[in-house]
Student: 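I'd like to ask you about the structure that follows.
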Amino acid sequence: MGWRVELLDEEVLAALDAQPADIRASFLRIAQLIEARGLEQVREPHVKHLQGPLWEMRMKGRDGIARAAYVTATGRRVVVVHVFGKKTQKTPRREIEHALRRAKEVT
């Protein structure tokens, strides 16, 4: 059984839809890589560990960069819990904290 990428809820879908088209395309490309090759085979620059159980998909486009924070769940699932645009080099602490709170909802 392969990996499956899913969004936690409508809030995550809305945040993803609010991103520019090239950022959304980058997200889809990374999600397809995970589903086709397996999460174990996908490394930087596509994904990177953030903190604890939290990892990030690293999307880049003409208009900037964005991140999709995710956790793994039972049944070989990658659950995206938070999507946000990045304006600084370092991931803002409040974005990580928000993603960690949302990660507690994943079963």
Student: Can you find a pair of side-chain heavy atoms, one from I23 and one from D63, that are under 4.5 Å apart?
Tutor: no
Student: Grab the two heavy atoms, one from L54 and one from A99, that are nearest each other, plus how far apart they are.
Tutor: CD2-CB, 3.5 Å
Student: Measuring from L50:CG to W55:CH2, what's the distance to the nearest 0.5 Å?
Tutor: 9.5 Å
Student: Do you know the tightest heavy-atom contact between R102 and V81?
Tutor: NH1-O, 3.4 Å
Student: Nearest 0.5 Å, what's the CZ-CE distance between F84 and M59?
Tutor: 8.5 Å
Student: For L39 and W3, which heavy atoms make the closest approach, and how far apart are they?
Tutor: N-CD1, 3.2 Å
Student: Do you know the tightest heavy-atom contact between A73 and V106?
Tutor: CB-CG1, 3.7 Å
Student: Could you check whether K86 pairs with E95 (Lys NZ or Arg NE/NH1/NH2 to Asp/Glu carboxylate O, under 4.0 Å)?
Tutor: no
Student: Just checking R37: does its CZ atom have more than 12 heavy atoms from other residues, nucleotides or ligands closer to it than 6.0 angstrom?
Tutor: no
Student: Quick one: are T72 and R77 in side-chain contact, heavy atoms under 4.5 Å?
Tutor: no
Student: Please name the residue in the list V80, I96, T91, V47 that meets the side chain to side chain contact (heavy atoms under 4.5 Å, CB included) test with E56.
Tutor: T91
Student: Decide, yes or no, whether a salt bridge links E40 with R76 under the criterion of side-chain N to carboxylate O below 4.0 Å.
Tutor: yes
Student: Closest heavy-atom contact between R58 and I30?
Tutor: O-CD1, 3.4 Å
Student: Check whether more than 12 heavy atoms from other residues, nucleotides or ligands sit under 6.0 Å from atom CZ of R62, and answer yes or no.
Tutor: no
Student: Do I65 and V83 belong to the same hydrophobic cluster, where Ile, Leu, Val, Met, Phe, Trp and Tyr are linked whenever their side-chain heavy atoms lie under 4.5 Å apart, directly or via other members?
Tutor: no
